**Student:** 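Structure in structure tokens, see below.
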Amino acid sequence: FILKFMRGILITLFFVGTIGYAQNLQSFLSVASFNLSESPFLETYLSFNANTLMLEKEKDKYYGEIDVVIKIYSNDLTIFYDHYLLKSPLFDSTNNNIFFIDQQRIPLKNGEYSIEVKVSDLHHEYEKTHLIQFEIDYSMTSISDIQLIDNYVVASHESILNKSGYSLSPAVSNFYPPTLNNLIYYFEVYNTHLLNAGKYFLNTYIESHDTNVPLYNFNKMIRRLSSEVESNLLEFNIVKLPTGNYNLVCEIKDIENVSITTKKIFFQRSNSSSI
């Protein structure tokens, strides 16, 4: 079957710059799945550098346009398809280095999937294809995917960005330069009421991507009461996290300190500081 249900929003991040010429299209795709009582769903976070688009002028402002095609496959069967035109925010000649994000929310069942996203500059031949394989399984005690967050505020109105009372602006990418010193992340825990003791430990930490060894001083262990759904908005100060490749790990442990399930997300850090 073809499932079509999407809502999108543009988020803009401005940095001072000057109008330049289009380069190879710079875009990033990440995805995260979550669970609702009605159905699990996949969120897509598709970000673009507007300065790598062929820009059009509208009065004294500039904008770019992108053709986006999204396909989701399961067992070689296309179960979702959408094709739409995405227009960047308008900006002037002093603010052209804009990363903007298109976020979509797609209902899916438990299963294994591949998502293919083709993006192309509507006014140039630049084109890029993103392909990600993922699995959704929320039948037992489980953890949602981890969403990296740029910033958040208390939600004041209905929005696709909202979760658990907060408006969450997704991170542009999983790269953290020296100017970003907080690793903010959101995830949900499901069906811990199936554990016998009525409580559990939530363990989150940063580990080396190469060795899977946890880093000292980058961990949080929280005791929680069991429930059907628990939301978590947490952060690590990474001022002293040196340059390298890392995994952010979220783990459920029972009261005997036995690991029940884990979820990881990869990120990169650029920093001259040492631990």
Side-chain angles (χ1 to χ4, degrees), residues 1-11 25 27-48 66-86 101-120 127-149 159-164 168 170-174 185-192 194 209 228-232 247-252 259-267:
F1 64 99
I2 302 291
L3 179 63
K4 184 176 173 68
F5 176 77
M6 304 183 72
R7 291 183 298 160
I9 190 168
L10 294 180
I11 306 159
L25 180 59
S27 63
F28 304 92
L29 174 69
S30 60
V31 300
S33 68
F34 300 90
N35 194 31
L36 290 175
S37 57
E38 311 90 74
S39 170
F41 64 90
L42 182 76
E43 285 191 340
T44 62
Y45 316 109
L46 187 60
S47 61
F48 299 91
I66 305 129
D67 187 85
V68 181
V69 177
I70 300 178
K71 296 179 182 178
I72 297 180
Y73 304 93
S74 180
N75 297 322
D76 298 322
L77 177 67
T78 302
I79 64 165
F80 179 88
Y81 174 87
D82 197 31
H83 183 190
Y84 57 96
L85 181 64
L86 187 64
I101 299 178
D102 178 51
Q103 180 174 322
Q104 306 286 348
R105 189 171 288 180
I106 305 166
L108 292 172
K109 297 179 180 179
N110 287 336
E112 296 180 356
Y113 300 93
S114 295
I115 181 170
E116 178 186 272
V117 180
K118 292 184 178 180
V119 295
S120 56
E127 183 178 277
K128 190 171 183 178
T129 299
H130 301 274
L131 183 63
I132 296 176
Q133 295 180 329
F134 63 96
E135 181 179 3
I136 296 177
D137 183 6
Y138 294 122
S139 57
M140 302 295 290
T141 299
S142 55
I143 302 173
S144 75
D145 287 328
I146 303 166
Q147 181 184 3
L148 299 178
I149 304 299
S159 168
I160 194 174
L161 301 180
N162 294 354
K163 293 189 188 77
S164 303
L168 307 175
V172 170
S173 75
N174 61 354
Y185 55 105
Y186 176 87
F187 64 99
E188 297 176 353
V189 172
Y190 309 112
N191 300 324
T192 53
L194 299 177
H209 177 71
E228 292 187 14
V229 182
E230 184 77 45
S231 61
N232 302 275
N247 296 320
L248 172 63
V249 184
C250 299
E251 178 183 31
I252 297 174
S259 179
I260 304 300
T261 186
T262 62
K263 195 63 71 75
K264 300 183 180 184
I265 189 170
F266 171 79
F267 72 96

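Keep in mind it's a predicted model, so treat the numbers as computed, not measured.
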**Student:** Looking at Lys263 and Asp145, what are the two nearest heavy atoms and their distance?
**Tutor:**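 Minimum heavy-atom separation between Lys263 and Asp145: NZ-OD1, 3.2 Å.
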**Student:** Tell me, do Val68 and Asp102 make a side-chain contact under 4.5 Å, heavy atoms counted?
**Tutor:**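 Val68 vs Asp102: side chains apart.
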**Student:** Rounded to the nearest 0.5 Å, how far does OG of Ser144 lie from CD1 of Ile136?
**Tutor:**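 Answer rounded to 0.5 Å: 11.0 Å.
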**Student:** Give a yes or no on whether the backbone of Ser139 and the side-chain of Asp137 come within a donor-acceptor separation of less than 3.5 Å.
**Tutor:**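 Looks like yes, one N/O pair under 3.5 Å.
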**Student:** Ser142 side chain to Met140 main-chain N or O, any donor-acceptor pair under 3.5 Å?
**Tutor:**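 Yes: the side chain of Ser142 pairs with the backbone of Met140.
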**Student:** I'd like to know if the side chain of Glu230 pairs up with that of Asn232 as donor and acceptor (distance under 3.5 Å, no hydrogens or angles considered).
**Tutor:**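 Note: Glu230 and Asn232 side chains miss the donor-acceptor criterion.
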**Student:** Does Lys163 count as lying over the ring of Phe34, i.e. NZ or CZ under 6.0 Å from the six-ring centre, within 45 degrees of the axis?
**Tutor:**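 Yes; both conditions hold, so Lys163 lies above the ring face of Phe34.
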**Student:** Where the side chain of Ser39 meets the backbone of Leu108, is there a donor-acceptor pair that is under 3.5 Å apart?
**Tutor:**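 Such a contact is found between Ser39 side chain and Leu108 backbone.
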**Student:** For a quick test of reading the model, state the closest non-hydrogen atom pair linking Ser27 to Val119 and the distance between them.
**Tutor:**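 Minimum heavy-atom contact is OG-CG2, 3.8 Å.
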**Student:** Run the numbers on Ile265 and Asn174 for side-chain contact (heavy atoms from CB on, under 4.5 Å), then give the verdict.
**Tutor:** CA-CA 9 Å; Ile265 189 170; Asn174 61 354; 5.9 Å; no
**Student:** Which value, rounded to the nearest 0.5 Å, describes the distance between Leu46 atom CG and Phe28 atom CZ?
**Tutor:**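 CZ of Phe28 is found 11.0 Å from CG of Leu46.
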**Student:** Can you measure from CD1 (Ile132) to OG (Ser30) and round to the nearest 0.5 angstrom?
**Tutor:**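 Between atom CD1 of Ile132 and atom OG of Ser30 there are 7.0 Å.
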**Student:** Check whether more than 12 heavy atoms from other residues, nucleotides or ligands sit under 6.0 Å from atom CD of Glu112, and answer yes or no.
**Tutor:**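 Open.
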**Student:** Looking at side-chain heavy atoms only, is the closest gap between Leu148 and Tyr45 below 4.5 Å?
**Tutor:**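 They are not in contact (no side-chain heavy atoms under 4.5 Å apart), so the answer is no.
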**Student:** Would a distance-only check, ignoring hydrogens and angles, find a side-chain to backbone donor-acceptor pair under 3.5 Å from Tyr138 to Tyr190?
**Tutor:**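 Checking the backbone N and O of Tyr190 against the side chain of Tyr138, no donor-acceptor pair under 3.5 Å is found.
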**Student:** Is there a side-chain contact between Asn110 and Pro40 (heavy atoms, below 4.5 Å)?
**Tutor:**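 Yes, at least one pair of side-chain atoms sits under 4.5 Å.
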**Student:** Can you establish whether the number of heavy atoms outside Lys128 located under 6.0 Å from its atom NZ is more than 12?
**Tutor:**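 Count over threshold, so yes.
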**Student:** Hey, are the side chains of Ile79 and Tyr113 touching, using non-hydrogen atoms and a 4.5 Å cut-off?
**Tutor:**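 A side-chain contact exists here, since the closest heavy-atom pair is under 4.5 Å.
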**Student:** Sequence neighbours excluded, which residues qualify as ring pair (Phe, Tyr, Trp, His ring centres under 6.0 Å) partners of Tyr73?
**Tutor:**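 Here no residue qualifies.
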**Student:** Please report the closest heavy-atom contact between Pro170 and Leu168, naming both atoms and the distance.
**Tutor:**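 Shortest heavy-atom contact: CD-O, 3.4 Å.
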**Student:** Taking salt bridge (charged side-chain N to carboxylate O under 4.0 Å, His left out) as the definition, give me every residue that meets it alongside Lys264, ordered by chain and number, with sequence neighbours left out.
**Tutor:**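 Applying salt bridge (charged side-chain N to carboxylate O under 4.0 Å, His left out) to Lys264 gives Glu207.
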**Student:** Can you tell me how far CD of Glu228 sits from CD of Glu188, rounded to the nearest 0.5 angstrom?
**Tutor:**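 With rounding to 0.5 Å, CD (Glu188) is 13.0 Å from CD (Glu228).
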**Student:** Please report the interatomic distance CG(Leu36) to CZ(Phe41), rounded to the nearest 0.5 Å.
**Tutor:**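 That separation rounds to 5.0 Å.
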**Student:** Indicate the ring-plane relationship of Tyr185 and Phe187, choosing parallel, tilted or perpendicular according to the 30° and 60° boundaries.
**Tutor:**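 Aromatic pair Tyr185/Phe187 classed parallel.
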**Student:** Ignoring hydrogens, what is the shortest heavy-atom contact between Leu131 and Ser114? Give both atom names and the distance.
**Tutor:**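 Between these two residues, the closest heavy atoms are CD1-CB, 4.5 Å.
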**Student:** Sort out for me which residue in Val117, Ile115, Ile72, Ile101 forms a side-chain contact (heavy atoms from CB on, under 4.5 Å) with Thr44.
**Tutor:**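 Going through the options one by one, the only one that passes is Ile115.
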**Student:** Assess whether atom CD of Gln133 is packed by more than 12 heavy atoms of other residues, nucleotides or ligands within 6.0 Å.
**Tutor:**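 Open: at most 12 neighbouring heavy atoms sit under 6.0 Å from CD of Gln133.
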**Student:** Let me confirm one number: the CG-OG distance from Leu29 to Ser173, rounded to the nearest 0.5 Å.
**Tutor:**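 Between atom CG of Leu29 and atom OG of Ser173 there are 12.0 Å.
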**Student:** Given 3.5 Å as the limit, does a donor-acceptor pair link the side chain of Gln103 with the main chain of Ile160, or not?
**Tutor:**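 Checking the backbone N and O of Ile160 against the side chain of Gln103, a donor-acceptor pair under 3.5 Å is found.
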